[in-house]
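First the proteins, then the strands, lettered A, B, ... as listed; each starts at 1.
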There are 2 protein chains.
Amino acid sequence: MRTDIELETEVMTLLKKHDLRLTQVRKEVLSVFLIKEQALSQSDIEENVGQIDRITLYRTLRSFEDNGLIHRAIDGTDKLRFALCVDLCEKENHKHNHAHFHCEKCTKTICLNGVEFPKIIHPAGFKVKETYYVMQGVCSKCQ
Amino acid sequence: MRTDIELETEVMTLLKKHDLRLTQVRKEVLSVFLIKEQALSQSDIEENVGQIDRITLYRTLRSFEDNGLIHRAIDGTDKLRFALCVDLCEKENHKHNHAHFHCEKCTKTICLNGVEFPKIIHPAGFKVKETYYVMQGVCSKCQ
DNA sequence: AACATTTTTGCAACATAGTTTCAAATACAA
DNA sequence: TTGTATTTGAAACTATGTTGCAAAAATGTT
């Protein structure tokens, strides 16, 4: 666990590191990501911060994404989710090599940072820039 | 290539095989999938059939999916796309083990049926039912 | 600490997509 | 060909994505 002060500090450091101004909205949203430790959709976040403007949240997520703070966690559902980048991600240059797992029971999506996926043979003539690996099923807690 | 008669026959056979009534809408929509040979979003289909009700199309796609005729082709974009099942798919039991490729230039998504992906180690305690492998980049035609 | 500049926020307004209900139309089987 | 079950299309509503703009807030500078 992490104290409130530690959380506050971590949030500030992360925002600064990614060239983002320290605003109230951003601090709150980033805190949710740090506490929850799972991929979050827009509505997930709305439920976890007190009273936030829908459009502002929408733009906050985009700016986090643009600045390499979060990435899209494709999980095979209709909902777009975002997850904290582990490290090394930069503007316009996200580097992710992990799978995402979506639990159909609790509907949570988590990054499986320990599960690297093997390089598969790319079809001839195709230039592959980004690869996603998604697993759906039941997570350990919901068995 | 396939003649109109052959297409008509194929459509009928496929619908019957999947316990779907032979309606005008279904025949048209399925024809588009057979002709296009790529993953299609709702709007892709609307552009390729003459005048179709939005809600009916929405329900048609769901019924096709439920009856194992098409599957969701997750391609990492915001748009939900569907692609024809290759074979063997049944209600509630889709079996897909191929990757999807989304071209950022022509925005087409295709199934890479020849590209099987290796089984990766699943995290302990997780029950994996479905796996998706998605690649984004530039396809051979758009190089 | 106050100001100027730039960014961010919140609102209005609009576009698109997902979903349910229900009556009319259609498909199919007896 | 008729009866039954399914499908369709319209209305209505909800949710989500997006832009423009003025007010508010954040940051750098005096």
**Student:** To the nearest Å, give me how far apart CG (B:L15) and P (D:dT6) are.
**Tutor:** 17 Å
**Student:** The criterion is ring pair (Phe, Tyr, Trp, His ring centres under 6.0 Å); which residues satisfy it with A:H102, sequence neighbours excluded?
**Tutor:**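 With neighbours one apart ignored, the set is empty.
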**Student:** Go through the structure and list residues passing side-chain contact (heavy atoms from CB on, under 4.5 Å) with A:S63, not counting sequence neighbours.
**Tutor:** A:L20, A:R26
**Student:** Can you sort out the partners of B:E10 under side chain to side chain donor-acceptor pair (under 3.5 Å), two or more places apart, ordered by chain and number?
**Tutor:** B:R2
**Student:** Side chains of residues 46-54 of chain A: which donor-acceptor partners sit under 3.5 Å, not counting sequence neighbours?
**Tutor:**
| residue | atom | partner | partner atom | Å |
| --- | --- | --- | --- | --- |
| A:N48 | ND2 | A:D44 | O | 2.8 |
| A:D53 | OD2 | A:I55 | N | 3.2 |
| A:D53 | OD2 | A:T56 | N | 3.1 |
| A:D53 | OD2 | A:T56 | OG1 | 3.1 |

**Student:** For B:K79, give me all partners under side-chain contact (heavy atoms from CB on, under 4.5 Å), at least two apart in sequence or on another chain.
**Tutor:**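 Only B:S41, B:S43, B:T77, B:R81 meet the side-chain contact (heavy atoms from CB on, under 4.5 Å) criterion with B:K79.
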**Student:** Could you give the angle between the helix axes at the two ends of the helix from C:dA1-D:dT30 to C:dA30-D:dT1, with five pairs per end, rounded to 10 degrees?
**Tutor:** 30°
**Student:** Separation of A:D44 atom CG from D:dT16 atom C1', in whole Å?
**Tutor:**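 Those two atoms, CG and C1', are 14 Å apart.
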**Student:** Not counting sequence neighbours, which residues clear side-chain contact (heavy atoms from CB on, under 4.5 Å) with B:T3? List them please.
**Tutor:**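 If we apply the side-chain contact (heavy atoms from CB on, under 4.5 Å) test to B:T3, skipping adjacent residues, the hits are B:I5, B:E6.
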**Student:** Using the heavy-atom set of chain A and a strict 4.0 Å cut-off, write down the first and last nucleotide of DNA chain C that makes it in, 5' to 3'.
**Tutor:** C:dT6 to C:dA13
**Student:** Under the side-chain contact (heavy atoms from CB on, under 4.5 Å) test, which residues partner B:E8, sequence neighbours left out?
**Tutor:** B:M12, B:K27
**Student:** Looking only at heavy atoms, what is the nearest atom pair of A:F126 and B:S140, with distance?
**Tutor:** CE1-OG, 3.6 Å
**Student:** Need one value for A:K79: base, sugar-phosphate or nothing, where a base atom within 4.0 Å counts as base even if backbone is also close, heavy atoms only.
**Tutor:** sugar-phosphate
**Student:** Would you list the protein and nucleotides 19-25 of chain D atom pairs, both N or O, that sit under 3.5 Å from each other?
**Tutor:**
| residue | atom | partner | partner atom | Å |
| --- | --- | --- | --- | --- |
| D:dG20 | O6 | A:R59 | NH1 | 3.3 |

**Student:** Which comes earlier along DNA chain D counting from the 5' end, the contact point of B:R54 or that of B:R26, where each point is its nearest nucleotide?
**Tutor:** B:R26
**Student:** Rounding to an integer number of Å, can you tell me how far A:K27 NZ sits from D:dT27 C1'?
**Tutor:** 13 Å
**Student:** Excluding sequence neighbours, so at least two apart, what forms ring pair (Phe, Tyr, Trp, His ring centres under 6.0 Å) with A:F33?
**Tutor:**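 Scan of A:F33 (ring pair (Phe, Tyr, Trp, His ring centres under 6.0 Å), adjacent residues dropped) gives none.
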**Student:** Closest heavy-atom contact between A:I74 and B:G76?
**Tutor:**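 In this case the closest contact between A:I74 and B:G76 is CD1-CA, 3.0 Å.
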**Student:** According to ring pair (Phe, Tyr, Trp, His ring centres under 6.0 Å), who are the partners of B:F82, at least two apart in sequence or on a separate chain?
**Tutor:**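 If we apply the ring pair (Phe, Tyr, Trp, His ring centres under 6.0 Å) test to B:F82, skipping adjacent residues, there are no hits.
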**Student:** Output the rounded distance in Å from CG (B:D19) to P (D:dT7).
**Tutor:**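 These atoms are roughly 11 Å apart.
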**Student:** If I take atom CG in residue B:D66 and atom C1' in nucleotide D:dT6, what distance separates them, rounded to the nearest angstrom?
**Tutor:**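 For the pair B:D66 CG and D:dT6 C1', the rounded distance is 15 Å.
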